[in-house]
Amino acid sequence: LGFYVTGHPLTPHALLLRRYALSTIAALGQLANRAMTRIGGLVTAVQEGVSKKNNRPYALVTLEDLTGSVQLLCLNESYENHRQLLALNQAVMVVGEVTTGEDKPKVFPQEILPLAEAPRRYTKQVHLRLHTAHLTPALLQAAHQLIQEHPGKCPLFLCLAQPAGQVVFVETHERFAVTPSAALEQAAQDLFGEGTYYPRIDTALPVRAPRRWERKDDDGGE
């Protein structure tokens with residue numbers, strides 16, 4: 001029909017897209033040609049073929065977010081490394097190079113990962129915002145248990161809001177580092193309320209990987 005009768009399937013992922021994508025699909029045309037970026041969305045079409053030039057398989061993939069759609073050109077290593085994620089209705093995060101010299105932007109993916117893995121890959125710190133007036137020994141013990149259930153490598157900070165308005169930031173020991181995830185966020189908010197969980201996101205632009213021929217030159221090859 002051209003529209004979703006029961007709502008857009010990406011709506012449950014809207015928060016992840018807003019946090020972790022560096023650009024919406026609708027805004028890709030505003031980027032410089034060959035700029036690197038990070039976008040997220042849902043795979044809505046996949047067309048596979050074999051290149052006449054080098055006889056290697058490739059895929060033309062349509063990625064859709066809540067603002068529009070764009071075509072991904074998955075060639076060579078990009079196709080080989082991410083083929084299992086090029087499936088209909090797969091929610092993914094894409095790091096790639098944007099070409100804007102044609103009528104519509106296109107993206108050459110450098111990396112593709114499941115959208116659910118974006119918090120783990122692109123969260124620099126996790127902050128738990130706690131109100132000291134409401135803290136009890138039982139809640140602190142529950143928070144300790146929660147942290148133990150989500151161990152990882154992401155630094156954890158406690159942001160302690162005092163009744164007078166002051167906020168004290170406590171950087172926890174590395175043994176309390178966590179793995180950022182939607183499950184951890186939901187559990188923290190179930191325990192302490194909305195707004196408890198705050199991730200610090202890595203918003204640095206991706207670095208373009210060297211081309212295959214560039215890597216050969218660096219290694220003293222061809």
Side-chain angles (χ1 to χ4, degrees), residues 4 6-27 37-43 63-68 85 89-95 111-206:
Y4 295 101
T6 58
H8 199 292
L10 272 176
T11 299
H13 304 290
L15 181 60
L16 285 180
L17 293 174
R18 186 165 64 250
R19 280 180 178 169
Y20 293 98
L22 298 180
S23 174
T24 63
I25 289 176
T37 193
R38 190 168 74 223
I39 58 175
L42 192 74
V43 175
L63 185 74
E64 180 178 330
D65 70 3
L66 294 168
T67 70
L85 293 174
N89 300 318
Q90 179 80 34
V92 296
M93 185 68 69
V94 179
V95 175
E111 183 177 11
I112 303 175
L113 63 149
L115 184 59
E117 291 188 16
R120 179 182 62 83
R121 287 288 302 274
Y122 301 115
T123 302
K124 297 169 63 176
Q125 299 172 358
V126 167
H127 294 190
L128 294 184
R129 296 170 169 174
L130 309 175
H131 295 277
T132 58
H134 303 151
L135 289 179
T136 64
L139 278 177
L140 288 174
Q141 182 59 39
H144 184 262
Q145 179 65 30
L146 174 65
I147 293 166
Q148 289 185 321
E149 291 172 354
H150 297 268
K153 298 181 180 180
C154 186
L156 175 68
F157 286 73
L158 302 181
C159 307
L160 304 176
Q162 302 181 37
Q166 304 95 329
V167 178
V168 177
F169 287 82
V170 179
E171 181 177 5
T172 66
H173 190 275
E174 61 182 14
R175 71 174 180 271
F176 297 115
V178 295
T179 297
S181 68
L184 173 58
E185 177 170 6
Q186 186 61 56
Q189 296 189 156
D190 289 344
L191 189 60
F192 292 104
E194 285 292 322
T196 296
Y197 183 95
Y198 175 76
R200 290 279 309 272
I201 311 300
D202 182 0
T203 57
L205 290 176

*Asks:* At what distance, to the nearest 0.5 angstrom, does CD1 of Ile147 lie from CG of Leu128?
*Replies:*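 Going from the CD1 atom of Ile147 to the CG atom of Leu128 covers 6.0 Å.
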*Asks:* Nearest 0.5 Å, what's the NE2-OG1 distance between His127 and Thr196?
*Replies:*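 It is 13.5 Å, given to the nearest 0.5 Å.
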*Asks:* Under a plain distance cut-off of 3.5 Å, with no hydrogens placed, do Gln141 and Gln145 share a side-chain donor-acceptor pair?
*Replies:*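 Distance-only check fails for Gln145 and Gln141.
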*Asks:* Decide whether Thr203 and Tyr122 meet the rule of one side-chain donor and one side-chain acceptor closer than 3.5 Å.
*Replies:*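 Result is no, nothing qualifies.
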*Asks:* In sequence, state the C-alpha distance, the side-chain angles, and the governing distance for Val168 and Gln162, and then conclude on side chain to side chain contact (heavy atoms under 4.5 Å, CB included).
*Replies:* CA-CA 8 Å; Val168 177; Gln162 302 181 37; 3.0 Å; yes
*Asks:* Would you compute the distance between atom NE2 of His150 and atom OG1 of Thr179 and round it to the nearest 0.5 angstrom?
*Replies:*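 The OG1 atom of Thr179 is 9.0 Å from NE2 of His150, to the nearest 0.5 Å.
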*Asks:* Between Glu111 and Arg121, is there a side-chain N and carboxylate O pair less than 4.0 Å apart?
*Replies:*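 Arg121 and Glu111: salt-bridged.
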*Asks:* Checking Gln189 now: which residues fulfil side-chain hydrogen bond (donor to acceptor under 3.5 Å, both in side chains) with it, not counting sequence neighbours?
*Replies:*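 Expected list: none.
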*Asks:* With a 4.5 Å limit on heavy-atom distance, are the side chains of Arg38 and Met93 in contact?
*Replies:*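 Yes, at least one pair of side-chain atoms sits under 4.5 Å.
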*Asks:* According to side-chain hydrogen bond (donor to acceptor under 3.5 Å, both in side chains), who are the partners of Asp190, at least two apart in sequence or on a separate chain?
*Replies:*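 Listed in chain order: Gln186.
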*Asks:* With side chain to side chain contact (heavy atoms under 4.5 Å, CB included) as the criterion, how do Val126 and Phe157 come out once you've worked through the C-alpha distance, each side chain's angles and the decisive distance to 0.1 Å?
*Replies:* CA-CA 6 Å; Val126 167; Phe157 286 73; over 6 Å; no
*Asks:* Is the shortest side-chain heavy-atom distance between Phe169 and Leu158 below 4.5 Å?
*Replies:*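 Phe169 vs Leu158: side chains apart.
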*Asks:* Enter the distance from Leu160:CG to Leu135:CG here, rounded to the nearest 0.5 Å.
*Replies:*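 The CG atom of Leu160 sits 7.0 Å away from the CG atom of Leu135.
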*Asks:* Between Arg129 and Glu194, does any NZ, NE, NH1 or NH2 come within less than 4.0 Å of an OD or OE carboxylate oxygen?
*Replies:*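 No, this pair does not count.
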*Asks:* State which residues pass side-chain hydrogen bond (donor to acceptor under 3.5 Å, both in side chains) with Thr67; sequence neighbours excluded, sorted by chain then number.
*Replies:*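 Residues passing side-chain hydrogen bond (donor to acceptor under 3.5 Å, both in side chains) with Thr67: Asp65.
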*Asks:* For Glu174, is the CD atom crowded, meaning more than 12 foreign heavy atoms sit under 6.0 Å from it?
*Replies:*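 No - once you tally the heavy atoms of other residues, nucleotides and ligands closer than 6.0 Å, there are 12 at most.
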*Asks:* Let me confirm one number: the CG-CG distance from Leu146 to Leu139, rounded to the nearest 0.5 Å.
*Replies:*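 Reported value, rounded in 0.5 Å steps: 11.5 Å.
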*Asks:* About how many Å separate CD1 of Ile25 and CD1 of Ile39, when rounded to the nearest 0.5 Å?
*Replies:*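 Going from CD1 on Ile39 over to CD1 on Ile25, the span is 5.0 Å.
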*Asks:* Phe176 and His144: aromatic ring centres closer than 6.0 Å?
*Replies:*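 Distance test on ring centres: under 6.0 Å, yes.
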*Asks:* Let me see the working for Glu185 and Leu15 under side chain to side chain contact (heavy atoms under 4.5 Å, CB included), right down to the final yes or no.
*Replies:* CA-CA 12 Å; Glu185 177 170 6; Leu15 181 60; 3.9 Å; yes
